[in-house]
Amino acid sequence: MSELEPLEDDILALVGAAKQIPELTGARKAELFEATATKIGAPTPGGDGGGGGAGTGAGAGGAAQLGTKMTLALIATFAVGIAVGVLADRALSVDRSAAPEASSIVLPTPRVATEPDAGAHAAEVETVSPASLPDAPKAAPGASAAPQRAAASTEALSSRGLAAERALLDVARSALARGEAGEALAATSRHAHEYADGALVEEREAIAVKALVALGRKDEARTRVRALEQRFPAGLSVRAAKAAVDGAP
Amino acid sequence: MEAPSHDQAPGVEPPRPALDFREVFDGHVSYVAATLGRLGVDARDRDDLVSEVFVRVHRALASYDAERPMKPWLFAFAARVASEHRRLARHRREVFAEVDMASSDLAPDETIERRQSRQLLERALAELDEGKREVFVLHDLDETPVPEVARALGIPEGTAYTRLRAARAELTAAVRRLQQTERRTA
């Protein structure tokens, strides 16, 4: 069984309290960046992968320019690759550049795409970093051969998919229970993104409606209830969602 | 950012060039620092390891797949660095379960209550083994869906579920134990 027991309420509360990532101050970030830039600039014993040689400037100025330099270095490398006519080889070496210590780094390249839309989209939680990068929501296209996939039967996969769906909605539900409607809404959006036609759409929409009501976004809540009613005319959660909107001041 | 696409003319700057390292750093350094803490790296070593993580990230940036969420990707580096550090540190001292108070310097605006909760959780987390802790942190704290957790850590999805289940049970037991000890000493 891949059903997950939900955490007990008090543990959930602890987890909830620990979720928030404290944002470092600008000064701390600058200090850490400086230290990192110095390390990058220095020759590393493990060999230097892609663009490591770019960070020659170790001081404050060098640190500030590091990003640009690296970009330029990458472009330069790219141009050279073309000139030599080894584009395919270059693509390989890009992959390898990440693994000078292949045994010591878990390479987070896409290996297993277990579900058709196994959303590449997940952990960019709003509370954390406003500067987070655009996390493109598309599924990894044609993720390469997945040896591990063979292990699981279709049935097991779908029950796992369901468990994953449920886990995500559990996050939404418990956030709502804690009064963190914003977080609950974010979790439902992630669900909508990853399981647009999942098995728990009705449940998800009902939670989203309640979260919207809690956030005072009653008009949006009402629109979604209407859509929900059309899609699931006899849905149990629909009634609850409707009651939440109607009961709201 | 990763392998150049074939429709780009050689020598022409691509419309969206490689990820800017500084941007990645500024946007995610807080996350990486907090993750190292959650993975049991104590405060006095954290700055060093934050740097170490980003040195590796810098090296691997070209292979980052922009279609994928960035945090689980960064998490994998942090987990690896924390794990290597732990192995080294074990030779030096045996105090990994100790979560020192200096970690509070990471959260100046935290309420005392929240900080205590976080520290209790971190102490309980420190009792889990590495594999379970990683899955728990990435899923239950970072809210990364299990399939993405599995991908980031390079483990089968079934394994991720198994570890998560075990982690939740063990963590709950550890919290209960710590709470009891606290009550007795209070």
Side-chain angles (χ1 to χ4, degrees), chain A residues 2 4 7-8 11 14-15 17-19 21-24 29 32-33 35-36 39-40 49-50 52 66-67 70-71 74-75 78-79 82 91 94-95 97-98 105-106 108 110-112 114-115 118 120-125 128-129 131-133 135-136 138 140 148 151 160 164 167-168 171 194, chain B residues 2-4 10-11 13 17-18 20-22 25-31 33-34 47 50-51 54-56 58-60 62-63 65-73 76 80 106-107 110 114 117-118 120-121 140-148 151-154 156-157 161 165 168 172 175:
Chain A
S2 48
L4 281 172
L7 285 163
E8 290 169 48
I11 306 286
L14 274 185
V15 170
K19 262 182 196 170
I21 305 274
E23 186 71 14
L24 299 179
K29 285 186 185 181
L32 286 166
F33 187 77
T36 307
K39 275 197 195 174
I40 292 171
L66 191 59
M70 200 189 68
T71 307
L74 282 171
I75 292 166
F78 174 44
I82 297 262
V94 164
D95 268 341
S97 74
I105 297 185
V106 174
R111 250 176 296 175
V112 195
T114 323
E115 313 200 18
H121 180 265
E124 298 295 319
V125 181
V128 180
S129 60
S132 48
L133 295 149
D135 57 343
K138 273 173 275 162
Q148 286 131 332
R160 259 176 222 154
L168 194 46
V171 168
E194 285 163 40
Chain B
E2 49 298 321
E13 194 165 335
D20 186 82
F21 178 66
R22 181 78 201 231
F25 186 94
D26 282 347
H28 295 90
V29 64
S30 305
Y31 171 73
D47 284 11
V50 165
S51 286
F54 277 103
V55 167
R56 296 179 188 199
H58 177 257
R59 213 184 281 153
S63 72
D65 176 359
E67 309 262 294
R68 308 275 311 283
M70 180 156 258
K71 280 197 192 123
W73 186 72
R80 177 60 53 185
L106 287 169
E110 223 177 7
R114 201 178 262 269
S117 296
R118 182 169 59 82
L120 174 59
L121 190 82
D140 279 354
L141 289 175
D142 285 351
E143 300 179 355
T144 307
V146 173
E148 191 64 51
R151 233 173 282 143
L153 299 175
E157 226 178 287
Y161 274 110
R165 249 191 308 272
R168 285 181 173 187
T172 303
V175 168

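Chain naming here is simple, since letters A, B, ... match the order of the sequence lines and numbering starts at 1 in each.
In this structure, chain A has heavy atoms under 4.5 Å from both the backbone and the side chain of B:Leu141. Residue contact with chain B, scored on non-hydrogen atoms closer than 4.5 Å, involves the side chain of A:Ile11 exclusively. For a residue to count as touching a neighbouring chain, one of its non-hydrogen atoms must lie under 4.5 Å from one of that chain's; by this rule A:Val15 touches chain B with backbone and side chain alike. Both the backbone and the side chain of B:Val29 have a heavy atom closer than 4.5 Å to some heavy atom of chain A.
Between A:Phe33 and B:Phe25, the ring planes lie perpendicular to each other; the angle is over 60°, past the 30° to 60° tilted range.
Heavy atoms only, all atoms of each residue included: A:Lys39 and B:Val55 are closest at CB-CG2, 3.6 Å. Of all non-hydrogen atoms in A:Ile21 and B:Ser30, the two that sit nearest each other are CG2-O, 3.6 Å. Minimum interatomic distance between B:Thr172 and A:Glu8 (heavy atoms only, all atoms of both residues): CG2-OE2, 3.7 Å. Closest approach of B:Asp26 to A:Glu23, counting heavy atoms only: O-OE2, 4.4 Å.
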*Kindly indicate, with the supporting measurements, whether the criterion side-chain contact (heavy atoms from CB on, under 4.5 Å) is fulfilled by A:Ile40 and B:Phe21.*
CA-CA 12 Å; A:Ile40 292 171; B:Phe21 178 66; 3.8 Å; yes
